[in-house]
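Every chain is numbered from 1 and lettered A, B, ... according to where its sequence line falls, protein lines coming before strand lines. What you see is a predicted model; the values in this text were computed from it and never measured.
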2 protein chains.
Amino acid sequence: MVELAPESTQRPRVTRQDVARYAGVSSAVVSYVVNDGPKKVAPATAARVVDAIEVLGYRPNAAARALKLGSPEMLGLIVPDSTNLFFAEMAHAVEQAASERGYALLTANSAASLTKENNHLRNFRSRQVDGVLLASGLSDPDLSQLVGSDMPVVLLNRSGPREGIPTIGVDFRTGAATGVRHLVEHGHKDIGLVMGRDASSLSDDHRELGWLDALQEAGLPEGPIVRTSFDREGGYSAGRRMFSGPRRPSAVFVSSDMQAVGVMRAIHELGLSVPEDVAIVSFDGSPEAEYSWPPLTTLKQPVREMAEDAVKMLTSRTGPPAGDHHVYATELVIRRSCGCVQPSFEGREP
Amino acid sequence: MVELAPESTQRPRVTRQDVARYAGVSSAVVSYVVNDGPKKVAPATAARVVDAIEVLGYRPNAAARALKLGSPEMLGLIVPDSTNLFFAEMAHAVEQAASERGYALLTANSAASLTKENNHLRNFRSRQVDGVLLASGLSDPDLSQLVGSDMPVVLLNRSGPREGIPTIGVDFRTGAATGVRHLVEHGHKDIGLVMGRDASSLSDDHRELGWLDALQEAGLPEGPIVRTSFDREGGYSAGRRMFSGPRRPSAVFVSSDMQAVGVMRAIHELGLSVPEDVAIVSFDGSPEAEYSWPPLTTLKQPVREMAEDAVKMLTSRTGPPAGDHHVYATELVIRRSCGCVQPSFEGREP
DNA sequence: ATGAAAGCGCTAACAT
DNA sequence: ATGTTAGCGCTTTCAT
């Protein structure tokens, strides 16, 4: 028996064995009471065990449990950039959903780099994570890490299904079309597009398709397009580019709130104003959109619902359904940037 | 020996034993190769092992490693709200720093609730996390979970030291004073204060003290104070309150960028403009401040440095230094909201 | 240079 | 109702 030096404040780790000894039972019984099963324990015995746990300050060792069970009760999340409010909200919602189910959340940033995504995937895999939520920065993430692995993955922020992997996303095309249609209803005939662009721009972004849909349906010509990075700086430079020339569109559809904020900054700096000179509708519905000036009319993604959904899939008894694609609808949130709302009547009292 | 049914695509988990068998060595050798130590292995043997690993698709099991080593090579981060851009940046920087050192990061949100903070702390502890970074929403977080534990903690976003625990933070007082002094230099005589307030508002926020310092030093009277929650909504309602009356200050110091954004929304809705009618200086220096309209003059916290510092402490061989307080300076970033910069000359080409 | 084996703390099937 | 015990996959000391 090892005795602790009295001056040491760091007690040696208390194990289930110690508790068992103290309570005068076997370690199995301790397990039963800690996990509330799988066997019943007599109330009196259980009380003694609980007491022992209390007195000794026993904490179960999650690593041992993870090893035994083959599950660390932990999910992994990969986003391009958790500093992007849209992904920050996503991460927050995922953490919440996971936490409610007793899962911890590992968060990782990929900066939309294939290499980093892969590293994190590999890392998560070696940690035996119970599932990973991948909001890839790439339109076509490399999932070869996953073959032959039993680590379930769900793809977030997707516009379409992907062979063998469950995916979740919003209907980008319909959403964008709704937004552009709204601009059309405001009487705009020249509607530009500021689009994001992913690192490996292989496939079309469906928001662009939606923009086109609405234009064609109204018999309008394609306005100017600027493709830029998915951040404020990208929006800013796109805005400078699109609005400094003499022939500028009277409205733009912007592929994310973050970019829209940059676009508006550019517009303001050019001495123009929103929505008087340029009307804007953007995409995402992040908190950023509500508190920009003017507040942005935007297509809100149901982030919490999607996060819940993904976590549910990953933590369900049966595992996620291969290849399913869950599509969510966006909601057009009308604020000032499209020209609808007057300054003092923001839906709040004046 | 268990045979895998041929139609199954899920191979049974490959262990170090399998690799050893395949390479014709012992499992110890595999360990030596994988971990590059502690023993040397003959190049030829090592090559065989590497090959076996490749062929078999072996992945080390982190749970087993964690159990054996007593360390999951994982850090935990608790923030009040990862959706707050300031904390989002912090989380991002911490993740980066941790990742560079081979640590994964568990992220948790406390919503500034003592109970949640404690739950996460307990959870992290049972996971044997190598260290936790706690950006508490409370001025006086409950650290009783920690006694007798060997889980090091560092407190982030602190204005002062705390007995026995290393802390990191910015010099709130000096920073705030610098900001307010800047407003004074602009000629303002009536400078209000919008302060955040933590859930258990026991102690003074040092930003308030800094505001006072600058006022006194200039012989100015205390302007109006509104205390509100640390979010956009809080700033908004504070703004409505402070600026709708007839006697409104000509400038405000706001305790965070996030709140300042809310304050500006309120100001705009009241038909006032920034900085003409009201000059603003805020605190944090988050990306939000650069892209608001007008862009905010703000005291930038060196978030990445502090994150690096914290992670370094936690992952250092020696463990974090008990009770040390690391103070960082803020930097006054001048933009439009204080009245300094003209619209078209944002430090970029016009 | 390599191998055998103990054991990290836990769970649960199988005794009793 | 409770106890015994065999691993989970890994690291590392101590042989060889």
Requested in this report: Report the residues that fulfil salt bridge (Lys or Arg N to Asp or Glu O under 4.0 Å) with A:Lys312, sequence neighbours left out, ordered by chain and then residue number.
Outcome: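 For A:Lys312, the residues satisfying salt bridge (Lys or Arg N to Asp or Glu O under 4.0 Å) (neighbours in sequence not counted) are A:Glu308.
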Query raised in the report: Is the side chain of A:Gln96 donor-acceptor paired with the backbone N or O of A:Arg304 at a distance under 3.5 Å, no angle test?
Result: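 Pair absent, no side-chain N/O of A:Gln96 close to backbone of A:Arg304.
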Requested in this report: Indicate yes or no for a side-chain donor-acceptor contact from B:Asp130 to the backbone of B:Leu75 under 3.5 Å, with no hydrogens or angles considered.
Outcome: no
Query raised in the report: Restricting to pairs with a member in residues 36-51 of chain A, which pass side-chain hydrogen bond (donor to acceptor under 3.5 Å, both in side chains), not counting sequence neighbours?
Result: none
Report summary line: Reading nucleotides 7-12 of chain C from 5' to 3' and marking B where a protein heavy atom lies under 4.0 Å of the base, S where only the sugar-phosphate is that close, and - otherwise, the string is BBBBBB
Query - Nearest heavy atoms of B:Ala310 and B:Leu156, plus distance in Å - result: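 Closest approach of B:Ala310 to B:Leu156: CB-CD1, 3.8 Å.
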Report summary line: In terms of heavy-atom contacts, B:Pro72 and B:Arg127 come closest through CG-O, 3.5 Å
Query raised in the report: Quick one: salt bridge (charged side-chain N to carboxylate O under 4.0 Å, His left out) pairs with a partner in residues 155-168 of chain B, sequence neighbours left out?
Result: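 Those involving residues 155-168 of chain B are B:Asp140-B:Arg162.
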Query raised in the report: Among all residues two or more places apart in sequence or in another chain, which pass the side-chain hydrogen bond (donor to acceptor under 3.5 Å, both in side chains) test with B:Asn109?
Result: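 B:Asn109: side-chain hydrogen bond (donor to acceptor under 3.5 Å, both in side chains) contacts with B:Ser82.
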Report task. Calculate the interatomic distance between B:Lys39 atom NZ and C:dG3 atom P; express it in whole Å. Result ->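 Result: 12 Å.
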Query raised in the report: Once you round it to whole Å, what is the distance between C1' of D:dT13 and NZ of B:Lys40?
Result: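 It is 18 Å, rounded to the nearest whole Å.
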Query raised in the report: Which residues in residues 41-50 of chain B have at least one heavy atom lying under 4.0 Å from any atom of DNA chain C?
Result: B:Val41, B:Ala42, B:Thr45
